[in-house]
Amino acid sequence: MRCDNHCPRCGAPEETINHAIFECPPALQTWALAPILTPPSLFPSSGIYTNMDYLFWRRPNMDNAEDDCDPFPWIIWFIWKARNEKLFRGINRDPLGTVRHAVAECRAWHQANSKAPLLSTTGTQAIRLRDVCIVDGSWHREQAHSGAGWIWIDPDGTQRLLGIHNQPRRISPLHAELEALMWAMECAAQYTNVQAFATDCQDVLKMIEKPEDWPKFSTELQEFSSLRKLFSSFSISYLPRASTSKADHLAKLARLYPRSLSFVGYSVPGWVTTPTRV
């Protein structure tokens with residue numbers, strides 16, 4: 001009896017463990033979107049032991065990996081689950097969703113096993129209670145990407161961080177707005193478990209308040225609920241469009257960028273505003 005060893009996700013004629021976890025195109029996209037430094041020249045490689053050696057011992061900034069709730073074991077597990085769902089159920093899992101679920105499960109596990117209180121009373125944490133992360137999404141029916149942008153503002157109006165991200169065009173503008181909020185939550189959770197968010201989309205606020213009234217968004221709202229658990233204190237409020245212009249500008253930049261984009265930093269890099277087309 002001959003066994004069919006082809007890859008269920010990409011159709012490669014020979015599926016190995018290394019291929020399934022590291023080399024299959026959906027797995028490659030998952031690692032590229034993960035909050036882990038993965039230089040293409042070093043990772044992934046054709047050897048599974050080399051890849052595991054890199055993840056365990058050779059990544060930059062390894063000193064604080066435990067404190068940062070290092071998610072790579074969960075990412076491996078969720079890549080494998082996505083592979084099995086394709087093989088046994090015919091379900092295609094989006095790499096971005098795989099990363100989000102893995103990171104959410106990682107942080108939930110660490111919080112459940114942490115002996116320290118989730119809410120700190122230090123001065124730094126108290127300042128964060130007054131912060132706001134302004135979020136916006138951008139969508140156009142004739143363009144390949146939806147865009148997301150956020151700006152993290154201190155109480156004195158100083159910009160702390162910004163984020164810019166795109167993904168294949170979502171079903172509707174409202175899907176793009178909700179996805180933008182969830183990506184901002186995912187990013188913010190890497191810095192704090194206490195955060196206020198703001199959006200100019202009132203429908204997003206309505207669906208968060210009464211998710212049962214929005215059955216077409218049940219999958220996204222379930223994912224939102226998982227991300228919300230990462231925060232010991234969470235709030236979201238409405239801002240008029242005039243107050244979200246910077247986040248809106250970032251979201252439009254992301255939507256117009258011709259390739260996959262995900263960036264968090266202190267300012268927009270020049271290669272985003274003047275991309276080189278290939």
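Sequence positions, counted from 1, serve as the residue numbers for this chain. Note that the coordinates shown come from a computational prediction; the quantities given were computed from them, not determined experimentally. Values below: every heavy atom of this structure, side chains too, minus hydrogens, waters and symmetry copies.
In this structure, K246 and I134 have side chains that are not in contact, with every pair of non-hydrogen atoms separated by 4.5 Å or more. Proximity of F78 to T30: side-chain heavy atoms (C-beta onward) are nowhere separated by under 4.5 Å. With contacts defined as side-chain heavy-atom distances shorter than 4.5 Å, the pair T192/W152 qualifies. P13 places none of its side-chain heavy atoms less than 4.5 Å from the side chain of H6. Residues L253 and F263 fail the side-chain proximity criterion, which asks for heavy atoms closer than 4.5 Å. Using a 4.5 Å heavy-atom cutoff, the side chains of Q195 and C133 are in contact. W150 places none of its side-chain heavy atoms less than 4.5 Å from the side chain of L250. Residues C10 and H19 are in side-chain contact: their nearest non-hydrogen atoms beyond the backbone lie under 4.5 Å apart.
A254 approaches L261 most closely through the heavy-atom pair CA-CD2, 3.9 Å. Here the shortest heavy-atom pairing between Y257 and N166 reads O-ND2, 3.7 Å. The two residues C106 and P71 make their nearest non-hydrogen contact at SG-CA, 3.6 Å. The shortest heavy-atom contact between W139 and P173 is CE3-CG, 3.3 Å. Residues H145 and P168 share a closest heavy-atom pair of CD2-N, 4.1 Å. When all heavy atoms of G137 and A251 are compared, the pair lying nearest together is C-CB, 3.9 Å.
W183 and Y266 fall within a single hydrophobic cluster, where Ile, Leu, Val, Met, Phe, Trp and Tyr are joined by side-chain heavy atoms under 4.5 Å apart, directly or via other members. Hydrophobic clustering keeps W77 apart from L87 (ILVMFWY residues linked when any side-chain heavy atoms are closer than 4.5 Å, directly or through intermediates). In the hydrophobic clustering of this structure, L55 groups with W57; members are Ile, Leu, Val, Met, Phe, Trp, Tyr whose side-chain heavy atoms approach within less than 4.5 Å, directly or through other members. L28 and M52 end up in different hydrophobic clusters when Ile, Leu, Val, Met, Phe, Trp and Tyr side chains are linked at under 4.5 Å. Residues I171 and L178 fall into different hydrophobic clusters, defined by Ile, Leu, Val, Met, Phe, Trp and Tyr side chains chained together at heavy-atom separations under 4.5 Å.
To the nearest 0.5 Å, atom CE of residue M207 and atom CG of residue L174 are 3.5 Å apart. Atom-to-atom distance recorded for K81:NZ and I79:CD1 is 13.0 Å, nearest 0.5 angstrom. Note that OG of S262 and CD of Q167 are 9.5 Å apart. Values are rounded to the nearest 0.5 Å. Rounding to the nearest 0.5 angstrom, the gap separating the OG atom in S138 from the NE2 atom in H249 is 11.5 Å. Distance check, rounded to the nearest 0.5 Å: CZ of R160 to OG1 of T158 gives 9.5 Å. Here the CG atom belonging to D70 is positioned 9.5 Å from the CZ atom belonging to F56, to the nearest 0.5 angstrom.
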Practice prompt. Walk me through it: do D200 and S243 pass the test side-chain contact (heavy atoms from CB on, under 4.5 Å)?
Written response: CA-CA 8 Å; D200 64 3; S243 300; over 6 Å; no
Item to complete: Given side-chain contact (heavy atoms from CB on, under 4.5 Å), test L181 with I208 step by step and report yes or no.
Response: CA-CA 11 Å; L181 172 61; I208 290 173; 3.8 Å; yes
Practice prompt. Step by step, work out the side-chain contact (heavy atoms from CB on, under 4.5 Å) result for L205 and I236.
Written response: CA-CA 8 Å; L205 302 180; I236 182 166; 3.6 Å; yes
Item to complete: Go through D136 and E177 one step at a time and tell me if the side-chain contact (heavy atoms from CB on, under 4.5 Å) criterion holds.
Response: CA-CA 6 Å; D136 204 359; E177 294 282 358; 3.2 Å; yes
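With hydrogens and angles disregarded, no donor-acceptor distance shorter than 3.5 Å links the side chain of T244 to the backbone of A247. With N51 contributing its side chain and S45 its backbone, the two residues share a donor-acceptor pair below 3.5 Å. At distances below 3.5 Å, not a single donor-acceptor pair connects side-chain atoms of N193 with backbone N or O atoms of A189. Counting only distance, with no hydrogens or angles, the side chain of T98 and the backbone of D94 share a donor-acceptor pair below 3.5 Å. No donor-acceptor pair closer than 3.5 Å links the side chain of E14 to the backbone N or O of N5. Looking only at distances, a side-chain donor or acceptor of R169 sits under 3.5 Å from a matching main-chain atom of Q143.
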Determine all donor-acceptor pairs shorter than 3.5 Å in which one atom belongs to a side chain in residues 209-224; sequence neighbours excluded.
residue, atom, partner, partner atom, Å
S218, OG, P215, O, 3.2
E223, OE2, R100, NH1, 3.3

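Taking the six-membered ring where the residue is Trp, W31 and F22 present parallel rings, their angle staying beneath 30° rather than reaching 60°. Ring-plane geometry between F234 and F231 is classed as tilted, the angle between the planes lying from 30 to 60 degrees on a 0 to 90 degree scale.
Around NE2 of H175, the count of heavy atoms belonging to other residues, nucleotides or ligands within 6.0 Å exceeds 12.
Listed by chain and number, the hydrophobic cluster partners of L33 are L96, V99, V103, where partners are ILVMFWY side chains within reach of under 4.5 Å, directly or through others.
A ring-ring contact (aromatic ring centres under 6.0 Å, His included) with Y54 is found for exactly one of Y49, F72, F43, namely F43.
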